[in-house]
Amino acid sequence: MAEKPKKIHRFQIGLNVVVQIGLLIFLALMVNYLGFEHYRRWDFSRDQKYALSDKTKRMLDSLKGKLRITVFFSPNTPITNDVQSLLTEYQYAAKGKIDVEHIDPERSFSRAKELFDKYKVVTDESMLVLDYEGRNKTVKASEMAEVDQSGMAMGEGPRVTAFKGEQAISSAIIDLTEGKKNIIGYVLGHKEPPIAEARPNPMTMERAPASPISVLKTFIENENIKLQELNLFNVDTIPAEMKTIMIVGPQYDFSDREMQLLRDFWNKQGRILLLLDPSAKSPKLDAFLAELGVRVNDDRLMAMVRTGIEEIARVRDVIGRFLPESPITKRLADVRAPFVGGTCSLTLESQRVQGGGVQLQPLVQAEKGYWGEVDYNSDDPAKLQFEQNRDHAAPLTIAASIEKGGSGDERVRVNSSRMVLVSNALFVQDNVLTQDQQALDFVSGCINWLMSREQMIGIAPKVPKTLTFSLDQTALRNLRWIVLVLMPLVPALIGSAVWWKRRA
């Protein structure tokens, strides 16, 4: 007898299909949600052109309100794609605090005119307009890139040699969020490096030499800071708007009157960045530092390094190691920095003294292998050797922070006097700055700590530099052999081997 066919439960089958479709839709929604809300971005470009610096990320984290960026770029601007990619990184790092609107002035004429009238824009150049809490600032395309137009006479287009969009945009954001510029007094009158650009000679029209610290000046002023010359001979007191002053490499000692001005400034919660030149004799300035518990030693840091298999040379340039205990240097703890020229050691009489007293903390120490040579002026190589009972042994402090009346807890902010002391003033000059800009990051961290802007301390955007290399005669000869002989020889040998195999 034939079996009775099973009843098909159509409702059950339909319900299963509906549930499966619902699960698939739910899974698709969850995957998309996780992809939009929890994702990471990586920059795999050769020079990490779009990767934001630590300082920019910290600055974006501190934004309190909404920032609106309007992009007025035409498609034929050489850096249009670079700016769009960079702004995407800003939006990602700001976590919803930045809105970006792209407007092509040639296609969206009415919208562009509306915003031009709103922001009082009077230029046709491609630009960004940043709007934050009713304040706005423009960033022009020329400020975000260095462009070589020398090839336009030959029919070639402009060539971007350096893209510095992050420096320009971050500087504008800092200006908007802080409002009024911070003024730092740059002390002159003791043969310090000038900061003002000298005017051309009216007779010969020759351009005067640039300031030896022009790179540092530009780097600092990009953080909403203005360096203003200050000659203590010409003032009765340090102006109230100068909460911080810089003293860079004085060649002469300060007078009694100037020292009194410095003491008064220090006692009124003043902030001082002091870079010493060890070759200059400044007993009055040294005595002031001794009152704060820091002794400037009359020595020079040296080390014996191996330059060959059996060759050993004495070096006076010092490789400094940033210490992680201070908020100034904790983000530079894995970085080494050269301090070229003469460097002496500092002795801290006490460290982290609590109870409202003076707190001393080392910031930079010399790498292992250095010693503080007391007889540094001797021409006798035998005397330029470390002697335990005469010279200064490691650890050797190069830079230190001094705080009077502060709190040992970084989370507690109180009014205090602050100073950063470095026993080398050459490391910030243009001709010795390294391409990795450790010196700039260190000085920037010092200034932001002095100004109580700890949120601004970090690794800053790199200063763009053109990559160059030079070849000596030996290298040129080797390159000539590679190009004229080796490169043609390789395919010839491969072709000969293939021909011989086929012939066989």
Side-chain angles (χ1 to χ4, degrees), residues 41 43 45 48-53 55-147 149 158-181 218-219 221-225 456 460-464:
R41 295 175 60 85
D43 185 356
S45 60
Q48 299 287 293
K49 183 174 14 178
Y50 308 119
L52 297 182
S53 65
K55 179 174 292 188
T56 294
K57 292 177 181 177
R58 290 170 59 82
M59 181 265 295
L60 293 175
D61 286 339
S62 66
L63 286 177
K64 299 296 190 296
K66 196 83 168 181
L67 174 66
R68 180 178 180 81
I69 301 179
T70 308
V71 185
F72 298 99
F73 267 70
S74 60
N76 58 356
T77 304
I79 61 172
T80 296
N81 293 332
D82 291 333
V83 171
Q84 291 177 351
S85 300
L86 182 63
L87 290 178
T88 301
E89 298 300 322
Y90 271 86
Q91 287 183 286
Y92 171 66
K95 300 175 182 177
K97 298 178 183 178
I98 295 180
D99 289 335
V100 177
E101 180 182 3
H102 295 271
I103 297 178
D104 184 350
E106 299 176 0
R107 296 185 177 181
S108 305
F109 180 78
S110 59
R111 176 60 175 162
K113 186 178 184 304
E114 175 188 349
L115 294 177
F116 282 173
D117 293 339
K118 176 181 177 181
Y119 295 120
K120 305 296 189 294
V121 176
V122 293
T123 179
D124 294 332
E125 183 180 354
S126 294
M127 70 178 71
L128 308 178
V129 177
L130 285 69
D131 190 324
Y132 182 79
E133 296 184 346
R135 301 187 298 272
N136 63 82
K137 187 175 181 64
T138 61
V139 181
K140 298 179 181 179
S142 57
E143 300 171 355
M144 290 185 280
E146 296 176 5
V147 181
Q149 299 183 357
R159 183 173 61 90
V160 178
T161 58
F163 180 65
K164 48 185 181 180
E166 184 181 354
Q167 291 93 328
I169 296 174
S170 294
S171 175
I173 294 176
I174 296 173
D175 289 352
L176 286 175
T177 54
E178 292 191 343
K180 186 178 179 181
K181 281 187 175 295
T218 301
F219 195 84
E221 291 185 341
N222 280 340
E223 299 184 356
N224 197 34
I225 295 172
M456 293 295 297
K462 289 188 175 181
V463 177

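The structure displayed is predicted, hence computed values, not measured ones.
- Considering only heavy atoms from C-beta on, M144 comes within 4.5 Å of L128 through its side chain.
- Counting only heavy atoms from C-beta outward, the side chains of I98 and L87 never approach each other to under 4.5 Å.
- V139 places a side-chain heavy atom less than 4.5 Å from the side chain of L130.
- Here salt bridge (Lys or Arg N to Asp or Glu O under 4.0 Å) pairs that include residues 90-99, with residues two or more places apart or in two chains, are K66-D99.
- Between E223 and K55 the shortest side-chain heavy-atom distance falls below 4.5 Å.
- Side chain of T80 to backbone of N76: no donor-acceptor contact under 3.5 angstrom is found.
- One distance of note links CD of Q84 with CG of L86; it measures 11.0 Å at 0.5 Å rounding.
- Checked against side chain to side chain donor-acceptor pair (under 3.5 Å), T77 has the following partners two or more places apart in sequence or in another chain: S74, S126.
- Annotation: side chain of R58 is not in contact with side chain of M456 (no heavy-atom distance under 4.5 Å).
- Scored by the salt bridge (charged side-chain N to carboxylate O under 4.0 Å, His left out) test, E133 finds no partners at all (sequence neighbours excluded).
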List the atom pairs, donor and acceptor, that lie under 3.5 Å between side-chain atoms in residues 103-110 and the rest of the protein, sequence neighbours left out.
from: D104; atom 1: OD1; to: E106; atom 2: N; distance (Å): 3.1

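- Applying the side chain to side chain donor-acceptor pair (under 3.5 Å) rule to D131 yields the partners Y119; only residues at least two apart in sequence or on another chain are considered.
- Note that the OG1 atom of T177 and the CE atom of M59 stand 7.0 Å from one another [nearest 0.5 Å].
- No side-chain heavy atom of K137 sits under 4.5 Å from any side-chain heavy atom of Y132.
- Applying the salt bridge (charged side-chain N to carboxylate O under 4.0 Å, His left out) test to D117 and every residue at least two apart in sequence or in another chain returns K113.
- Side chain of S85 to backbone of D82: no donor-acceptor contact under 3.5 angstrom is found.
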side-chain contact (heavy atoms from CB on, under 4.5 Å) between L52 and Y92, intermediate numbers included: CA-CA 10 Å; L52 297 182; Y92 171 66; over 6 Å; no
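- Considering only residues two or more places apart in sequence or on other chains, N224 meets the side chain to side chain donor-acceptor pair (under 3.5 Å) condition with E178.
- Across all non-hydrogen atoms, the minimal contact from A93 to D61 is O-OD1, 4.1 Å.
- The minimum heavy-atom distance linking M127 with K140 is given by the pair CB-CA, 4.0 Å.
- Remark: E125 pairs with S142 by the side chain to side chain donor-acceptor pair (under 3.5 Å) rule, at least two apart or across chains.
- I69 has its side chain out of reach of Y90: every pair of non-hydrogen atoms, C-beta onward, lies at least 4.5 Å apart.
- With rounding to the nearest 0.5 angstrom, the CD atom of E101 is 4.5 Å from the CZ atom of R111.
- Qualifying ring pair (Phe, Tyr, Trp, His ring centres under 6.0 Å) partners for F72, counting only residues two or more places apart in sequence or in other chains: F116.
- For R135, the salt bridge (charged side-chain N to carboxylate O under 4.0 Å, His left out) test picks out no residue, with sequence neighbours left out.
- Between L60 and L67 there is no side-chain heavy-atom pair separated by less than 4.5 Å.
- Note: T138 OG1 to K120 NZ = 13.5 Å, rounded to the nearest 0.5 Å.
- Residues S170 and T56 share a closest heavy-atom pair of OG-OG1, 3.0 Å.
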